[in-house]
Amino acid sequence: MAPLGKIFGDLIVLLPLVLPYVNGYWMFGSNPLVTTRLDPIINPGVVSSHVHSIIGGSRFSPTYNFEDLTQSLCSTGAVQQDLSNYWAPQLYYYDQNQGTYTPISAFFDIYYFSRPGPKNEYINAFPTGLRMVAGSPLRRVNNASNFADQAVSYECLDYSGNIWPEQADFYQNQCPDGLTAQIFFPSCWDGVNLDSEDHQSHMAYPIQSYDSGDCPETHPVHLASILYQVIFAVDFQDGWINKTVLQDALDNCAGDNTVPLSDCPPLSASVNEAVAGACKPELVIVDEPIGSASSPLTALPGCNPLWIGTGPKPTCDPEPATPGFVDAESTLPSGWTDLGCTAEGTTGRALSSASTTSPIMTRPFCANFCANLGYPYAGVESADECYCVSVVILRFIKW
Ligand SMILES: *[C@@H]1O[C@H](CO)[C@@H](O)[C@H](O)[C@H]1NC(C)=O
Ligand SMILES: *[C@@H]1O[C@H](CO)[C@@H](O)[C@H](O)[C@H]1NC(C)=O
């Protein structure tokens, strides 16, 4: 509670009792921004070893830093102040009869907790540009006394009321309503390094537990605890534009009970579901198919032969060729046609039903924004404006 202490002096002890949301956490859901074989933390600048699904800021890219990322037009998460990227390996379903791999659609839920331990350490906003990796694709055994391993768990969703306890591995049974993979990121920072060689050792789990507690002396700066629910081995690149907003939210909305984003003023100010739903990647993706329900793959992208995880990882002979990059959004989204330019009338707008602005407006973004709101026509103007309408009355002018 350091900032409140500075402002209110002795009142500090009373304040947590009257602040309405100090015991809440916030969360948001997001569809992937893109699914592609990139990992700018582990494999910067090149095609990564396996496919990831990525959510968050639209300038996700093979190599980037905080300044690049925060130029993003939008985030697939509701809070547009948070242009961070969050990514996880893409899970595939293997059909033993057909020998095919189908990507399982991923939906992310991201939680922010403020979870101090007995010392009640202050929970800080992320240092600008922090990046980290939790989990490991190389781990083959579960060490139940290790926090890093405890931080990864699976939950079998069954809305009929059966309870399947969370466990450290996949279930042997069918999960009627889906499988949730979840991971807690470490919340204690060494106070110095925004990244480290293994992308993990600048961060540590608290002393008492993987999800709460006091920070060790080696990693004394207590940050927010991020929980992802999707798939294991996940990466995080900070893109919170303004750390005061994140800090205000942590101070007021991030304890242990859920707080809707709408009840958290620091975040609600930049919540925009229409923009989140329209948000598409702006830069490049890997030029290869990642599969779909209607066109499953016969081999996973990269060198990832079927392997049950015992013994050494199988090699590929020959090694698959490495694809290049391709523009993620060079064309209009499918179903859209370019109708050309038109003059705006002198009274009223040609496309008057909905609008948004962004410092770097693009035609694909505007088309997605309007489609998301159900409008079939979209138009951009003045480099930063987007307008939508249901019916266009075309006026022809005879020259
Ligand atoms: C399991 O984790 C604990 C705690 O980190 C560690 O002390 C122990 O050596 C680990 N055991 C194995 C077999 O790796
Ligand atoms: C950051 O957010 C705070 C709180 O909303 C605001 O007062 C401040 O002006 C913002 N800073 C910038 C640089 O936008």
Side-chain angles (χ1 to χ4, degrees), residues 1-4 6-8 19-22 26 28 57 66-75 77-84 112 114 117 122-130 132-153 167-169 183-188 190 196 198 200-219 223-224 232-233 238-254 259 261-272 275 309-310 357-360 384:
M1 304 304 293
L4 287 176
K6 277 184 214 140
I7 301 165
F8 295 107
L19 275 178
Y21 301 122
V22 80
W26 77 84
F28 60 89
F66 174 84
E67 284 69 32
D68 300 330
L69 179 58
T70 47
Q71 297 305 308
S72 292
L73 185 58
C74 54
S75 169
V79 179
Q80 298 302 310
Q81 275 281 331
D82 176 16
L83 297 172
S84 307
Y112 273 74
S114 160
Y122 184 64
I123 305 297
N124 297 274
F126 299 129
T128 291
L130 181 75
M132 57 181 157
V133 172
S136 166
L138 303 177
R139 180 158 76 86
R140 290 288 167 261
V141 291
N142 182 50
N143 177 349
S145 47
N146 185 346
F147 286 165
D149 290 10
Q150 289 174 17
V152 181
S153 62
Q167 60 182 49
D169 202 350
I183 185 160
F184 254 93
F185 273 77
S187 56
C188 298
D190 71 7
S196 51
D198 62 3
Q200 302 199 346
S201 49
H202 59 307
M203 300 295 298
Y205 285 98
I207 296 167
Q208 292 87 348
S209 163
Y210 66 92
D211 67 358
S212 61
D214 301 320
C215 283
E217 277 173 19
T218 51
H219 295 76
L223 309 179
F232 70 105
D238 164 49
W240 281 88
I241 306 169
N242 178 340
K243 294 299 181 297
T244 308
V245 173
L246 174 57
Q247 190 68 66
D248 285 351
L250 286 170
D251 291 347
N252 295 296
C253 329
V259 167
L261 291 177
S262 56
D263 285 355
C264 177
L267 299 180
S268 62
S270 78
V271 164
N272 190 330
V275 165
T310 53
T357 59
S358 166
I360 32 175
D384 64 349

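Below, all heavy atoms of this structure are taken into account, side chains as well, without hydrogens, waters or symmetry copies. Both ligands and their constituent atoms are indexed starting at 1 by order of listing.
Each of the atoms 1 (C), 2 (O), 3 (C), 8 (C), 10 (C), 11 (N), 12 (C), 14 (O) of ligand 1 lies under 4.0 Å from some heavy atom of Asn143. The atoms of ligand 1 that sit less than 4.0 Å from any heavy atom of Ser145 are 1 (C), 2 (O), 3 (C), 4 (C).
Among protein residues, Asn242, Thr244, Val245 come within 4.0 Å of ligand 2, judged on heavy atoms.
Ring geometry for Tyr112 versus Phe126: interplanar angle of 30 to 60°, hence tilted.
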Test side-chain contact (heavy atoms from CB on, under 4.5 Å) on Leu130 and Leu223 and set out the steps.
CA-CA 11 Å; Leu130 181 75; Leu223 309 179; 3.8 Å; yes

Could you go through Ser75 and Asp82, starting from their C-alpha distance and side-chain angles, then the distance that decides it, and tell me whether this counts as side-chain contact (heavy atoms from CB on, under 4.5 Å)?
CA-CA 7 Å; Ser75 169; Asp82 176 16; 5.7 Å; no

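Applying the salt bridge (Lys or Arg N to Asp or Glu O under 4.0 Å) test to pairs two or more places apart or on separate chains, none has a residue in residues 201-210.
Counting heavy atoms from C-beta on, the side chains of Phe185 and Met203 never come closer than 4.5 Å. Under the 4.5 Å side-chain criterion, counting only non-hydrogen atoms from C-beta, Tyr210 is not in contact with Asp149. Side-chain contact check for Gln167 versus Asn142: every heavy-atom pair is 4.5 Å or farther apart.
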